[in-house]
Amino acid sequence: MEKRSELYRGKAKTVFTTDDPELLILQFRNDTSAFDGERIDQLDRKGMVNNKFNHFIMGKLEEAGIATQLEALLADDEALVKKLEMIPVECVVRNRAAGSIVRRLGVEEGLVLNPPTFEFFLKNDALHDPMVNDFHIISFGWATQAQINEMKVLTFKVNNVLSALFDAAGLILVDYKLEFGVDANGNIVLGDEFTPDGCRLWDKATNQKMDKDRFRQGLGGVVEAYEEVASRLGVQLA
Ligand code: ADP
Ligand code: UDP
């Protein structure tokens, strides 16, 4: 497998083509962005930690029968993945209120959401990733009703698997964002990443934030918190 040209440079990852048209390389960079890319810092080791974290989590999801992009870990900061036609929406599940739902609905941070709630956001930095609903997604042709249904089922299935995994590590999975794409056979497959950059994790005992909110809120110890989560899960970083 040969790395070819740069296909896309996002805020945190760079995507490269390979000699296999169905495979891509995701390079996880140290860049850490917040507020739709308005603030970007370099955090030492973050690319490596997130790449290995993502590989570990996607492996657990595969074991649970969820189709993911996962192919192989190539280097500290690079993974080989299935090339997907990405659906331009973010699927968010919230087990507790935090972040934008607190601002939008004026509820208290930490409020337990029973049942967990689901939101779609359009991936569009210039528009600040506006919330969209199923009708928008269908009217604008971003996905079909069947694909929407499947993304919801899969996103909640991920919640069952990962809430239990993090709970066993003494962590609360507060919320998270997933991105899906369509593979060469037309199947919906989990793409992008699952890392502390795209979810909220609170320590069960202390409620300490162990995710990107440390960066958003200037709390410091960002990568150290990610490493602590990785270590509790048994992710091999060295
Ligand atoms: P952003 O685009 O939000 O700045 P990233 O820096 O994480 O995000 O860039 C990664 C890009 O690669 C995203 O646009 C994402 O949708 C896309 N991507 C992730 N996984 C895959 C995949 N398996 N196939 C094709 N594109 C992917
Ligand atoms: N999220 C993400 N990328 C985005 C927006 C949100 O990974 O572009 C994640 C975020 O880390 C959190 C969840 O999705 O775990 C819900 O985010 P929220 O809507 O609360 O937005 P935020 O407070 O991050 O603006």
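Counting starts at 1 for both ligands and their atoms, following the listed order. Positions are given from 1, in the same order as the sequence printed here.
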Checklist entry - Where on Arg94 is there a heavy atom closer than 4.0 Å to ligand 2, on the side chain, on the backbone, on both, or on neither? => result side chain
Checklist outcome for this item: The answer for which part of Glu90 has a heavy atom under 4.0 Å from ligand 2 is side chain
Please check whether [X] reaches ligand 1 - meaning an N/O of the residue sits under 3.5 Å from an N/O of the ligand, judged on distance alone.
| X | result |
| --- | --- |
| Tyr8 | yes |
| Lys13 | yes |
| Leu84 | yes |
| Lys11 | yes |
| Ala12 | yes |

Report, in ascending order of atom number, the atoms of ligand 2 lying under 4.0 Å from any heavy atom of [X].
| X | result |
| --- | --- |
| Cys199 | 11 (O), 15 (O) |
| Ala98 | 20 (O) |
| Gly99 | 20 (O), 23 (O) |
| Arg103 | 22 (P), 23 (O), 25 (O) |

Next on the checklist: For ligand 2, which is the ligand I care about here, please tell me if Asp129 has any N or O atom under 3.5 Å from one of the ligand's N or O atoms.
Outcome noted: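 N/O-N/O distance below 3.5 Å exists for this pair.
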Item to check | Within-cut-off N or O pair, Glu119 and ligand 2, under 3.5 Å | outcome: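 No; every N/O pair is 3.5 Å or more apart.
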Any carboxylate oxygen within less than 4.0 angstrom of a Lys/Arg side-chain nitrogen, looking at [X] and [Y]?
| X | Y | value |
| --- | --- | --- |
| Arg200 | Asp175 | yes |
| Arg104 | Glu119 | yes |
| Arg232 | Asp203 | yes |
| Lys46 | Asp31 | no |
| Glu109 | Lys209 | yes |
| Lys3 | Asp19 | no |
| Glu22 | Lys82 | no |
| Glu179 | Lys177 | yes |

For [X], counting its heavy atoms only, list the atoms of ligand 1 lying under 4.0 Å from any of them.
| X | result |
| --- | --- |
| Met86 | 16 (O), 18 (N), 21 (C), 22 (C), 25 (C), 26 (N), 27 (C) |
| Lys123 | 1 (P), 2 (O), 3 (O) |
| Leu24 | 24 (N), 25 (C) |
| Gln69 | 20 (N), 21 (C), 22 (C), 23 (N) |
| Val81 | 23 (N) |
| Lys82 | 22 (C), 23 (N), 24 (N) |

Item to check | Leu201 and Ile172: CA distance, side-chain angles, deciding distance, side-chain contact (heavy atoms from CB on, under 4.5 Å) verdict | outcome: CA-CA 5 Å; Leu201 295 165; Ile172 300 167; over 6 Å; no
Checklist entry - What part of Thr14, side chain, backbone, both or neither, has a heavy atom within less than 4.0 angstrom of ligand 1? => result neither
Checklist entry - Just heavy atoms, cut-off under 4.0 Å: does Glu85 contact ligand 1 by side chain, backbone, both, or neither? => result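 For Glu85, no heavy atom sits under 4.0 Å from ligand 1.
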Residue-ligand contact [X]/ligand 2, heavy atom below 4.0 Å:
| X | value |
| --- | --- |
| Ala34 | no |
| Asp197 | yes |
| Lys212 | no |

Next on the checklist: Quick check on Gln217: does its CD atom have over 12 non-hydrogen neighbours (other residues, nucleotides or ligands) under 6.0 Å away?
Outcome noted: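 Enclosed: over 12 neighbouring heavy atoms sit under 6.0 Å from CD of Gln217.
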Name the closest protein heavy atom to [atom], giving the residue it belongs to and the distance to 0.1 Å.
| atom | answer |
| --- | --- |
| atom 10 (C) of ligand 2 | Arg216 NH2, 3.5 Å |
| atom 18 (P) of ligand 2 | Ser100 OG, 3.3 Å |
| atom 16 (O) of ligand 1 | Glu179 OE1, 3.0 Å |
| atom 20 (N) of ligand 1 | Asp192 N, 3.0 Å |
| atom 15 (O) of ligand 2 | Asp175 OD1, 2.6 Å |
| atom 12 (O) of ligand 1 | Val15 CG2, 3.4 Å |

Checklist entry - Would Arg94 count as a cation-pi partner of Tyr176, with NZ or CZ less than 6.0 Å from the six-membered ring centre and within 45° of the ring normal? => result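 Output no; distance or angle outside limits.
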Checklist entry - Do Leu73 and Ile57 belong together in a cluster built from hydrophobic side chains that touch within less than 4.5 Å? => result no
Item to check | Same cluster (ILVMFWY, side-chain, under 4.5 Å), Ile188 and Ile66 | outcome: yes
Checklist entry - Phe120 vs Phe118 aromatic rings, parallel, tilted or perpendicular, using cut-offs 30° and 60°? => result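 Phe120 vs Phe118 ring planes: perpendicular.
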Checklist entry - Judged by atom type as modelled, is there a donor-acceptor pair below 3.5 Å linking the side chain of Gln69 to the main-chain atoms of Leu84? => result no
Checklist entry - When you measure from atom 7 (O) of ligand 2 to each heavy atom in Arg200, Lys11, His128, Lys177, which option holds the nearest one? => result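 Shortest heavy-atom distance from atom 7 (O) of ligand 2: Lys177.
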Item to check | Atom of Arg4, atom of Thr18 and distance for their closest heavy-atom approach | outcome: CG-C, 3.7 Å
Next on the checklist: For Phe53 and Tyr226: C-alpha separation, side-chain torsions, deciding distance, then whether ring pair (Phe, Tyr, Trp, His ring centres under 6.0 Å) applies.
Outcome noted: CA-CA 9 Å; Phe53 195 102; Tyr226 292 19; 7.6 Å; no
Item to check | Partners passing side-chain hydrogen bond (donor to acceptor under 3.5 Å, both in side chains) against Glu150 (at least two apart in sequence or in another chain) | outcome: none
